[in-house]
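Take a look at the structure set out below.
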Amino acid sequence: MSTQYTEHAAPERLRPFVECFWSIESGEALPEYPVLPDGCVDIVYSPRGGPQVVGAMTRVRKFMFQAGERQVGVRFRPAMALGFVRAPGIETTDRILLLDDVWGAQGRRLGAQIAEAKSAEQAIALLEAELVDASAPGVVQKVSAHIVDQSGQVRIDDLAFDAGMSARQLRRLFLDQMGLTPKHFCRVIRFRRSLSHLRGAKRGDWAGVALECGYYDQAHFINDFREFSGYTPGEFQALPR
């Protein structure tokens, strides 16, 4: 049995806040399963770690799976985790926190319930039921959604002007709520877009991908790609999927 990653659609009430629920079922031991930066915060349950908050990442992070292990999680849209996780982004970036430490008894109860779930769908339903009382989107949420819509190809000064504040004020808000600066988040979103373009690109056509995704040139694209993924585009394209 191979490793199977499945995305599960969020219910209507959560779609403004949640990209997807997901599950991974590993048919074999995976000592280094790479997860790439995407600007998102996840709540993840694994049998070994229990429920955890995985903050937005600035670099690739590799996780270990045991044979036959099932993990489930929810991936929040960028900047949308704050109302549910209740921990500032600056405290979660590049970190993994026990959900018990964030939610207290609620996190412990959820972990115990998911441990008894008979299927990924049942585990996800338990997680979904805990996601209530979302905060109304504020400046950071609205600006980050605009950055995603524009595939990261925006000017920070323009974003700040449209939000009615200085670039420094916007940067401070982003760091507090997302744990990333607007500039860094734009780079992550360009990187995410490049991944989808890379899958259909002719091998070696990095200049074409760079042009499509808003990079200055091929070298800029390759350097950013290596920084975020740990691979060159060619190495990544050759990985088994």
Side-chain angles (χ1 to χ4, degrees), residues 1 3-27 30 33-57 61-138 140-141 144-145 148 177-180 192:
M1 176 183 171
T3 298
Q4 183 175 358
Y5 170 79
T6 306
E7 292 189 351
H8 309 255
E12 187 68 32
R13 70 178 181 87
L14 290 175
R15 285 178 192 169
F17 311 98
V18 169
E19 280 199 359
C20 68
F21 292 85
W22 55 264
S23 60
I24 296 178
E25 309 217 24
S26 55
L30 297 173
Y33 184 88
V35 177
L36 304 178
D38 57 9
C40 301
V41 172
D42 289 47
I43 294 176
V44 178
Y45 173 86
S46 71
R48 288 172 290 109
Q52 300 173 319
V53 177
V54 179
M57 298 179 294
R61 189 160 190 158
K62 296 181 179 179
F63 295 86
M64 182 186 74
F65 288 84
Q66 296 178 343
E69 180 176 334
R70 176 198 298 142
Q71 293 193 15
V72 298
V74 54
R75 180 173 306 121
F76 295 100
R77 297 187 187 279
M80 293 296 184
L82 186 62
F84 299 99
V85 173
R86 302 192 292 276
I90 198 169
E91 296 180 5
T92 63
T93 300
D94 286 326
R95 296 181 62 192
I96 298 177
L97 308 177
L98 295 177
L99 192 62
D100 296 10
D101 293 338
V102 180
W103 281 4
Q106 180 186 6
R108 290 189 291 274
R109 184 181 69 251
L110 177 62
Q113 291 173 335
I114 293 180
E116 298 297 321
K118 304 303 182 184
S119 66
E121 290 76 14
Q122 186 179 359
I124 286 170
L126 291 166
L127 180 53
E128 176 192 314
E130 298 295 327
L131 302 181
V132 296
D133 300 328
S135 302
V140 173
Q141 289 70 37
S144 64
V148 173
Q177 296 187 26
M178 285 191 69
L180 303 173
R192 285 189 72 173

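Please read these numbers as outputs of a predicted model, since none were measured by experiment. All values below were derived from every heavy atom in this structure, side-chain atoms included, with hydrogens, water molecules and symmetry-related copies excluded.
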Nearest-0.5 Å distance that lies between atom CZ in R75 and atom SG in C20
4.5 Å
Give a yes or no answer on whether the side chain of S23 reaches the backbone of V72 with a donor-acceptor pair at less than 3.5 Å.
no
For the student: nearest non-hydrogen atoms of L82 and A87, plus distance
CD1-O, 3.4 Å
Judged by atom type as modelled, is there a donor-acceptor pair below 3.5 Å linking the side chain of R48 to the main-chain atoms of M64?
yes
Tell me if a side-chain donor or acceptor on R15 pairs with a main-chain N or O of A10 at a distance below 3.5 Å.
yes
pair E128-R13: side-chain heavy atoms closer than 4.5 Å
yes
Does P88 have any side-chain contact (heavy atoms from CB on, under 4.5 Å) partners at least two apart in sequence or in another chain, and if so, which?
I90, E91, D176
Nearest-0.5 Å distance, CD of residue E69 to OG1 of residue T3:
10.0 Å
Could you tell me whether the side chain of M178 reaches within less than 4.5 Å of the side chain of P78, counting heavy atoms only?
yes
With rounding to the nearest 0.5 Å, note down the distance linking OG in S26 to CZ in R70.
10.5 Å
Which heavy atom of F21 sits nearest to which heavy atom of P11, and what is that distance?
CE1-CD, 4.0 Å
Can I24 and F65 be said to form a side-chain contact (heavy atoms from CB on, under 4.5 Å), step by step?
CA-CA 9 Å; I24 296 178; F65 288 84; 3.8 Å; yes
Nearest non-hydrogen partners of P51 and D100, listed with the distance:
CG-OD1, 4.3 Å
When every non-hydrogen atom of G83 is compared with those of S135, the smallest separation belongs to CA-OG, 3.6 Å
So, do E19 and E7 sit near enough that their side-chain heavy atoms are less than 4.5 Å apart?
no
side-chain contact (heavy atoms from CB on, under 4.5 Å) evaluation trace for R109 with E130:
CA-CA 10 Å; R109 184 181 69 251; E130 298 295 327; 3.5 Å; yes
Please lay out, stage by stage, how R61 and I96 fare under the test side-chain contact (heavy atoms from CB on, under 4.5 Å).
CA-CA 11 Å; R61 189 160 190 158; I96 298 177; 3.8 Å; yes
Working to the nearest 0.5 Å, report the span between CD1 of I43 and CG of L127.
6.0 Å
Can you name the nearest heavy-atom pair linking V41 to A56, along with the distance?
CG2-N, 3.8 Å
CG of L126 to CD of Q113: how many Å apart, nearest 0.5 Å?
5.5 Å
If I compare all heavy atoms of R192 with all of P37, which pair ends up nearest, and what's the gap?
CG-O, 4.1 Å
Any side-chain heavy atom of L98 sitting closer than 4.5 Å to one from Q52?
yes
State whether the side chain of Q4 and the backbone N or O of E25 hold a donor-acceptor pair below 3.5 Å, judged by distance alone.
no
Does a side-chain heavy-atom distance below 4.5 Å link L131 with F17?
no
Residues forming a side-chain contact (heavy atoms from CB on, under 4.5 Å) with V44, sequence neighbours excluded
W22, D42, V54, Q71
With a 4.5 Å heavy-atom cut-off, do F76 and V85 have their side chains touching?
yes
Calculate, to the nearest 0.5 Å, the distance between atoms OH and CG belonging to Y45 and L99 respectively.
12.0 Å
Would a 4.5 Å heavy-atom cut-off, applied to side chains only, mark R77 and V148 as touching?
no
